[in-house]
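Notes for the one structure printed next.
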Amino acid sequence: MINIKKKLKAEDKVRVYIKQNIASQKFLPNMKLVEEDIAKELNISRSPVRAALKKLEKENVVRLIPNKGAYIAPKKLTTKEFVDRMQLFELLLIHTVVRMEQWEHRFTLEDEKLFHELSININHLTNQQLIEIQTLFLKFEKNAYLADSFKTIIKEVLVYSKTSDHLNMKQISILFGQLFFSLVEKIQLRDYAEARKQIRVFVNAISLDVIDNQEIHEEKYLF
């Protein structure tokens with residue numbers, strides 16, 4: 001391990017400090033980094049901290065969000081981890097649909113209106129809007145851990161697609177959005193069996209595309 005208090009420029013100290021803390025799991029994915037705290041810890045000014053964070057963003061180590069600050073970037077997944085996440089996504093989403101069936105859940109008119117507004121510009125769907133769609137869909141689910149798990153999986157999948165040679169992050173966002181919109185229609189019709197089938201087809205298709213290094217083709221997703 002490098003002694004970051006010796007022989008390094010201030011900016012490099014910051015980069016090494018953050019990477020070492022990520023490696024030791026002291027800094028976890030999506031954790032916020034406070035410039036003042038890092039500067040104090042390393043006994044340097046905040047300027048080199050800022051410069052280091054900008055470089056780390058280019059390395060996909062941190063995310064810089066305007067008006068919010070710096071965050072540890074979600075972990076980049078391997079292909080196997082991607083498929084594992086998608087399988088977990090399938091299990092959790094089917095579990096939610098089963099619970100909706102048991103409770104005969106239907107979305108309110110207000111929910112339907114919000115889904116419709118978000119679906120109008122589906123081809124320009126942002127990552128934040130995708131999170132809004134998922135949150136609205138899971139409003140029925142009171143289990144906070146389950147809701148957070150969905151959010152984490154989608155964020156990790158989007159990060160994977162951003163760094164992939166054959167996946168397009170925008171396209172992946174749209175596919176997830178289309179899945180949720182389609183599921184809403186089926187839930188409203190109480191066609192829970194078809195909803196579960198569509199989840200399985202979606203996860204299987206996207207997993208196979210990733211494993212085989214294939215480009216995404218929407219016709220395979222039954223929307």
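- In terms of modelled atom types and a separation under 3.5 Å, the side chain of N143 and the main chain of L146 share a donor-acceptor contact.
- Nearest approach of V203 to F89, heavy atoms of both residues: CG2-CD2, 4.1 Å.
- Shortest non-hydrogen contact noted between N60 and A73 is O-CB, 3.4 Å.
- T135 has its side chain out of reach of F150: every pair of non-hydrogen atoms, C-beta onward, lies at least 4.5 Å apart.
- Using a 4.5 Å heavy-atom cutoff, the side chains of L56 and K19 are in contact.
- One finds a salt bridge joining D12 and R15 here, because a Lys/Arg side-chain nitrogen approaches an Asp/Glu carboxylate oxygen to under 4.0 Å.
- Put simply, the side chain of E81 gets close to the backbone of T78: a donor and an acceptor are under 3.5 Å apart.
- The side-chain heavy atoms of E112 and Q188, taken from C-beta on, include a pair separated by under 4.5 Å.
- Closest non-hydrogen pair, G177 versus L125, comes out as CA-CD2, 4.0 Å.
- Among residues at least two apart or in separate chains, salt bridge (Lys or Arg N to Asp or Glu O under 4.0 Å) pairs with a member in residues 46-55 are E11-K55, E35-R46, E35-R50.
- Here F202 contributes atom CZ and L93 contributes atom CG; the two are 9.5 Å apart, rounded to the nearest 0.5 Å.
- Closest approach of M100 to Y192, counting heavy atoms only: O-OH, 3.9 Å.
- By the neighbour-count criterion of 12 heavy atoms within 6.0 Å, atom CD of Q25 is sparsely surrounded, having that number or fewer from other residues, nucleotides or ligands.
- L130 has its side chain out of reach of L118: every pair of non-hydrogen atoms, C-beta onward, lies at least 4.5 Å apart.
- Atom NE2 of H116 has 12 or fewer neighbouring heavy atoms from other residues, nucleotides or ligands inside a 6.0 Å radius.
- Around the CD atom of E36, the shell of radius 6.0 Å holds no more than 12 heavy atoms that belong to other residues, nucleotides or ligands.
- Residues satisfying the side chain to side chain donor-acceptor pair (under 3.5 Å) test with R99, not counting sequence neighbours, are E141.
- Atom-to-atom distance recorded for Q198:CD and L179:CG is 6.0 Å, nearest 0.5 angstrom.
- With salt bridges taken as basic N to acidic carboxylate O contacts below 4.0 Å, one links E156 and R85.
- The OH atom of Y71 sits 9.5 Å away from atom CG of N30, with the distance rounded to the nearest 0.5 Å.
- The shortest distance between side-chain heavy atoms of L28 and I22 does not fall below 4.5 Å.
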Kindly determine whether F181 and I133 satisfy side chain to side chain contact (heavy atoms under 4.5 Å, CB included), including the steps that lead there. CA-CA 8 Å; F181 293 141; I133 293 167; 3.4 Å; yes

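- Looking at every heavy atom in both residues, P48 comes nearest to V14 through O-CG2, 4.3 Å.
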Can you check side chain to side chain contact (heavy atoms under 4.5 Å, CB included) on I154 and L158, steps first, answer last?
-> CA-CA 6 Å; I154 288 179; L158 291 174; 4.0 Å; yes

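- With contacts defined as side-chain heavy-atom distances shorter than 4.5 Å, the pair V61/E57 does not qualify.
- Side-chain polar atoms of K186 and S182 form a donor-acceptor pair below 3.5 angstrom.
- Within the model, atoms CD1 of I72 and NZ of K26 stand 12.0 Å from one another, a figure rounded to the nearest 0.5 Å.
- Interatomic distance, CG of L175 versus CZ of F180, reported as 12.0 Å (0.5 Å rounding).
- The closest donor-acceptor contact from the side chain of S119 to the backbone of I122 lies at 3.5 Å or more, if one exists at all.
- Between the NZ atom in K139 and the CG atom in D111 there is a gap of 3.5 Å [rounded to 0.5 Å].
- Ring pair F137/F115 is perpendicular by interplanar angle, where above 60° counts as perpendicular and below 30° as parallel.
- The side-chain heavy atoms of I174 and Q178, taken from C-beta on, include a pair separated by under 4.5 Å.
- The aromatic rings of H105 and F140 sit tilted relative to each other, their planes meeting at an angle between 30° and 60°.
- Of all the heavy atoms in F82 and I206, the pair that sits closest is CE2-O, 4.3 Å.
- Residue L109 is not grouped with residue V184 when hydrophobic side chains (ILVMFWY) are merged at heavy-atom distances under 4.5 angstrom, including chains of intermediate members.
- Note on M31: it clusters hydrophobically with L53, by side-chain heavy-atom contacts below 4.5 Å among ILVMFWY residues.
- Looking only at side-chain heavy atoms (C-beta outward), V98 and R196 come within less than 4.5 Å of each other.
- A salt bridge does not link R190 with E101: every distance from a Lys NZ or Arg NE/NH1/NH2 to an Asp or Glu carboxylate oxygen is 4.0 Å or more.
- A continuous path of ILVMFWY side-chain contacts below 4.5 Å connects L92 to W103, so both sit in one hydrophobic cluster.
- Not a single donor-acceptor pair under 3.5 Å links the side chain of N204 to the backbone N or O of R200.
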